[in-house]
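Here the structure comes first, spelled out in structure tokens, and everything after it is commentary.
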Amino acid sequence: MAGHSKWSQIKRTKAVVDGKRGALFTRLGREITVAARNGADPNGNFQLRTAITKARSAGLPAGNIERAIAKGSGQGEAGSSLEVIRYEGYGPEGMAVLVEALSDNRNRTAAEVRLAFSKHGGKLGETGCVSYLFQHRSEVRLEGHCEEEALLETLLELDAEGYVLQSDGSTMVHGGFEALEQLQQELQDRGWAVIDWGHCWHPLALVEIQDEQLSETCQRLQEALESLDDVCSVSTNLAPIEVATKPK
């Protein structure tokens, strides 16, 4: 019986992992499909090149990538109805929440997002209700904690605003929203080991929640939103968060 119980637990754990992996692959495929609308050649389509790089890093099979490109570039119909949607709302203690989704059914996605908010002490708001609390910016992640003096010299030459030494051992360089393509390319050209890049909603001010239960509720809200099939990203202004260091 003990062996049977252990095997059952392993199967349940594998099912959860496989489910999360499948949901991630679906989201990545959708991002490629939408990006491919502007051209199927990644060399001339920076958005597509970014989506493919992200997908490969996550282990998305090459066949899935090729099919997603075909859908978005007019060789299939499945990608034609996908649209980018942004939702804004509040969590406990006024935590601001920005949700970005790719959906082929606005009503379904809106209902799922609204339910996640209401189940975890939050409230879905109107467009623009919290986006002013964030900066939509470019972020390029470099391998390792870079030597700061050398990095500062490089950033002063580029269209960069600052950097953050990440807890995972990498370094995050950030700049204006429009600077992403130029920033990542020039960092690579100067010999820096670029891991990935993308756009991010960065909070301008943080909400500190001292109550442990409320803090856990906020985290559960974020996890619930991230678990939705149509959701691509969830951004909040909940502390703690690393503070960027800006070049002088």
Side-chain angles (χ1 to χ4, degrees), residues 15-89 97-117 124 127 131 134 136-141 176-185 188 194-202 222-235:
V16 171
V17 171
D18 289 347
K20 289 182 178 179
R21 185 177 177 85
L24 174 62
F25 282 3
T26 297
R27 295 172 194 170
L28 293 171
R30 288 180 177 179
E31 290 182 22
I32 292 172
T33 295
V34 171
R37 291 174 181 171
N38 297 319
D41 181 7
N43 293 321
N45 183 342
F46 177 71
Q47 183 184 359
L48 178 58
R49 191 159 70 249
T50 299
I52 291 174
T53 299
K54 182 178 177 182
R56 285 175 176 166
S57 297
L60 185 66
N64 295 45
I65 293 175
E66 292 172 2
R67 285 191 292 274
I69 293 173
K71 291 176 184 178
S73 58
Q75 301 173 46
E77 300 179 357
S80 61
S81 61
L82 283 173
E83 59 179 324
V84 181
I85 312 172
R86 190 177 79 211
Y87 300 96
E88 302 180 33
V97 184
L98 272 174
V99 180
E100 290 189 322
L102 280 175
S103 174
D104 57 2
N105 187 321
R106 273 182 171 265
N107 293 334
R108 178 197 68 224
T109 306
E112 291 176 347
V113 170
R114 184 177 292 107
L115 181 61
F117 270 100
L124 185 62
T127 300
S131 56
F134 295 81
H136 204 191
R137 71 186 193 185
S138 302
E139 291 190 341
V140 179
R141 190 159 60 98
F177 180 81
E178 301 294 339
L180 181 58
E181 182 173 7
Q182 180 182 357
L183 187 57
Q184 65 88 23
Q185 187 61 58
Q188 288 191 58
V194 174
I195 300 174
D196 56 43
W197 59 87
H199 288 116
C200 171
W201 289 95
H202 182 76
Q222 184 170 347
E223 291 169 358
L225 290 167
E226 290 173 343
S227 70
L228 299 178
D229 289 343
D230 295 339
V231 170
C232 298
S233 67
V234 179
S235 305

Straight-line distance of [X] [atom1] to [Y] [atom2], nearest 0.5 Å:
{"X": "L180", "Y": "Q185", "atom1": "CG", "atom2": "CD", "answer": "11.0 Å"}
{"X": "T53", "Y": "L48", "atom1": "OG1", "atom2": "CG", "answer": "9.0 Å"}
{"X": "D229", "Y": "T109", "atom1": "CG", "atom2": "OG1", "answer": "9.5 Å"}
{"X": "L60", "Y": "I32", "atom1": "CG", "atom2": "CD1", "answer": "5.5 Å"}

Can you check whether [X] reaches [Y] side chain to side chain, under 4.5 Å on heavy atoms?
{"X": "L228", "Y": "V99", "result": "no"}
{"X": "Q184", "Y": "F46", "result": "yes"}
{"X": "R86", "Y": "L98", "result": "yes"}
{"X": "L82", "Y": "R37", "result": "yes"}
{"X": "L124", "Y": "V113", "result": "yes"}

Where do [X] and [Y] come nearest, in terms of heavy atoms and distance?
{"X": "S103", "Y": "D230", "answer": "OG-OD2, 3.7 Å"}
{"X": "A224", "Y": "A116", "answer": "CB-CB, 4.3 Å"}
{"X": "A35", "Y": "N45", "answer": "O-ND2, 2.9 Å"}
{"X": "Y87", "Y": "A101", "answer": "CE1-CB, 4.2 Å"}
{"X": "A58", "Y": "L24", "answer": "CB-CD2, 4.1 Å"}
{"X": "P42", "Y": "R49", "answer": "O-NH1, 2.7 Å"}

Test N64 against L28 for side chain to side chain contact (heavy atoms under 4.5 Å, CB included), laying out the working first. CA-CA 9 Å; N64 295 45; L28 293 171; over 6 Å; no

Residue list, side chain to side chain donor-acceptor pair (under 3.5 Å) with E100, at least two apart or on another chain: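 Side chain to side chain donor-acceptor pair (under 3.5 Å) list for E100, sorted by chain: W201, S233.
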
Any sub-3.5 Å donor-acceptor pair from E31's side-chain atoms to A51's backbone N or O?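 It does not hold such a pair.
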
Counting distance only, does the side-chain N/O of T33 pair as donor-acceptor with the main-chain N or O of G72 below 3.5 Å?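 Between the backbone of G72 and the side chain of T33 there is no qualifying donor-acceptor contact (under 3.5 Å).
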
Give the intermediate values and the outcome of side chain to side chain donor-acceptor pair (under 3.5 Å) for residues T50 and W197. CA-CA 7 Å; T50 299; W197 59 87; 2.7 Å; yes

Among all residues two or more places apart in sequence or in another chain, which pass the salt bridge (Lys or Arg N to Asp or Glu O under 4.0 Å) test with R27?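 Applying salt bridge (Lys or Arg N to Asp or Glu O under 4.0 Å) to R27 gives none.
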
Can you list everything that forms a salt bridge (Lys or Arg N to Asp or Glu O under 4.0 Å) with R56? Sequence neighbours excluded, please.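 Applying salt bridge (Lys or Arg N to Asp or Glu O under 4.0 Å) to R56 gives none.
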
Side chain to side chain donor-acceptor pair (under 3.5 Å) evaluation trace for E226 with Q222: CA-CA 6 Å; E226 290 173 343; Q222 184 170 347; 3.2 Å; yes

Reference residue R137; test side chain to side chain donor-acceptor pair (under 3.5 Å); the match among H199, H202, E178: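 Checked H199, H202, E178 against R137; only one passes side chain to side chain donor-acceptor pair (under 3.5 Å): H202.
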
